[in-house]
Engineer: 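To start, I am sharing the structure in question, which I have written as structure tokens.
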Amino acid sequence: MFDGENMKVLIASDIADDAVSLLQEHFVVDSAIGLDEVELARKVHDYDVLVVRSKPKVTKKILENASKLKIVARAGVGLDNIDLETCKKRGISVINSPTALSESVAELVFAMMLSFERNIVRSDNSMKEGSWIKKELKGRELFGKTIGIVGFGRIGSHIAMIANGFRMKVIGYDINWSEELGSKMQAEYASFEDLLRKSDYVTLHVPLIPQTRGMISKDELSMMKDSALLINTARGGVVDEKALYEALKSGTIRGACLDVFENEPPTGSPLLTLDSVLLTPHLGASTNEAQNRAGVIVAEKIIEELKR
Ligand code: NAD
């Protein structure tokens, strides 16, 4: 057993109880949730590890006060709230838990597709309003349809596995396509254009980087079938929302399921006015299981790293 009893961990955002217990087995653990930048900067100087989620922001000011800090741990994926450059300059490791969320995001994609196709939200609302509009609520099956997965990484490949269970035809596009992974997941490679033209469902699972910003815009939407649905649980900026609104309004595509937006919340977005759009407020990773895994995985990584 390594000697971590003098090392101190500051938890600055709510993480799973199991993760806290694991850290307490090895370190002195304190919680300070909801601190602003000045308060956190004042507090952090005494700690070896700082644990956060998408909040609080870990700014230059905080890091410059953290003379003992060895690790910033993000329970989850995105590192946009952490000043990575300052961490690098100061020799502070940054760790996260990207594998924790794939199942939850993949399941949300199917929840949205099924909900859209079987009119679940409208069914529930109409029944609670006292209606029985069975004829109007006729839906569509996923069975036998083609799903096009853009970005065949952790989440994309998990989608393929679930889609096989629905007996869908699975095609995928990735700049680093792996034949081995594709064949394991019974997915066929397609060029980006082919995927857009052939898919009944186009689901996006690329990171938001300069090369993917606006990857789905007017031209790409016009290549899609007019019966197709677009599902975006990746990042808002991957889809040009103005072009999507126009495409939905004019019937270029049939509908969209959106979990992520250019601005969150998307206050005032015209997309909120369309019946052909199903919306969730960035719920992809919001499950008990994903959040538990995210916390436990970073706790394990902290222990592993400090043991070295
Ligand atoms: P991943 O890194 O495992 O997979 C991303 C894939 O995209 C990789 O295989 C990569 O090669 C591919 N890719 C990168 N640039 C590309 C391009 N220009 N064209 C085609 N393919 C490209 O990531 P993941 O864990 O599967 O997550 C995917 C994205 O999902 C994340 O980056 C994040 O933005 C988003 N996400 C959303 C939620 C949510 O709550 N909705 C939760 C977790 C992740």
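Counting starts at 1 for both ligands and their atoms, in listed order.
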Engineer: Using 30° and 60° as the class boundaries, would you call the ring planes of Tyr189 and Tyr173 parallel, tilted or perpendicular?
Structural biologist: tilted

Engineer: Identify the closest protein heavy atom to atom 34 (O) of ligand 1: which residue and atom is it, and at what distance?
Structural biologist: Arg235 CG, 3.3 Å

Engineer: Looking at Glu193, I want to see if its CD is surrounded by more than 12 non-hydrogen atoms of other residues, nucleotides or ligands under 6.0 Å.
Structural biologist: no

Engineer: Within the structure, is a non-hydrogen atom of His158 found at a distance of less than 4.0 Å from ligand 1?
Structural biologist: no

Engineer: Check each atom of ligand 1 against the heavy atoms of His282 and keep those under 4.0 Å away; list them by number with element.
Structural biologist: 39 (C), 40 (O), 41 (N)

Engineer: Give, for atom CE of Met215 and atom CG of Asp240, the distance between the pair rounded to the nearest 0.5 Å.
Structural biologist: 14.0 Å

Engineer: Among Val109, Val260, Thr233, which one has a heavy atom closest to atom 38 (C) of ligand 1?
Structural biologist: Thr233

Engineer: As an exercise, state the distance from CD1 of Ile253 to CG of Leu248, rounded to the nearest 0.5 Å.
Structural biologist: 4.5 Å

Engineer: What atoms of ligand 1 come closer than 4.0 angstrom to any heavy atom of Ala285?
Structural biologist: 40 (O)

Engineer: So which heavy atom in the protein is nearest atom 28 (C) of ligand 1, and how far is it from that ligand atom?
Structural biologist: His205 O, 3.4 Å

Engineer: Give yes if a backbone or side-chain nitrogen or oxygen of Asp174 is under 3.5 Å from a nitrogen or oxygen of ligand 1, and no if not.
Structural biologist: yes

Engineer: Just verifying a value: how many Å separate Leu229 CG and Leu278 CG, rounded to the nearest 0.5 Å?
Structural biologist: 9.5 Å

Engineer: What protein heavy atom sits nearest atom 35 (C) of ligand 1, and how far away is it?
Structural biologist: Ala234 O, 3.5 Å

Engineer: Looking at non-hydrogen atoms alone, which of Leu283, Leu108, Val105 comes nearest to atom 43 (C) of ligand 1?
Structural biologist: Val105

Engineer: Of all the non-hydrogen atoms in the protein, which one sits nearest to atom 21 (N) of ligand 1, and at what distance?
Structural biologist: Ile175 N, 3.3 Å

Engineer: What I want to know is whether Arg154 and ligand 1 share at least one N or O pair that is separated by under 3.5 angstrom.
Structural biologist: yes

Engineer: Do the charged groups of Lys169 and Glu188 touch, with an N to O distance under 4.0 Å?
Structural biologist: yes

Engineer: Roughly how far apart are Asp30 CG and Gln24 CD, rounded to 0.5 Å?
Structural biologist: 9.5 Å

Engineer: Do ligand 1 and Thr212 have nitrogen or oxygen atoms that lie under 3.5 Å from each other?
Structural biologist: no

Engineer: Work out whether the distance between some heavy atom of Asp259 and some atom of ligand 1 is less than 4.0 Å.
Structural biologist: yes

Engineer: Taking only heavy atoms of Met215, which atoms of ligand 1 are found under 4.0 Å from at least one of them?
Structural biologist: 19 (N)

Engineer: If I take atom CG from residue Asn125 and atom NZ from residue Lys128, how far apart are they, to the nearest 0.5 angstrom?
Structural biologist: 7.5 Å

Engineer: What protein heavy atom lies closest to atom 29 (C) of ligand 1? Include the residue and the distance to one decimal.
Structural biologist: Val206 O, 3.8 Å

Engineer: Give a yes or no on whether Phe27 and Leu50 share a hydrophobic cluster (residues Ile, Leu, Val, Met, Phe, Trp, Tyr; joining criterion: side-chain heavy atoms under 4.5 Å apart).
Structural biologist: no

Engineer: Checking side-chain polar atoms at under 3.5 Å, does Asp259 have a donor or acceptor matched by the opposite partner on Thr280?
Structural biologist: yes

Engineer: As an exercise, state the distance from CG of Leu306 to NZ of Lys301, rounded to the nearest 0.5 Å.
Structural biologist: 13.5 Å

Engineer: With a cut-off of 4.0 Å, which atoms of ligand 1 are near a heavy atom of Gly151?
Structural biologist: 7 (O)

Engineer: Using a plain distance cutoff, I'd like to know if Ile155 has any nitrogen or oxygen under 3.5 Å from a nitrogen or oxygen of ligand 1.
Structural biologist: yes

Engineer: Given Gly153, Pro207, Ala106, which one has a non-hydrogen atom that is nearest to atom 7 (O) of ligand 1?
Structural biologist: Pro207

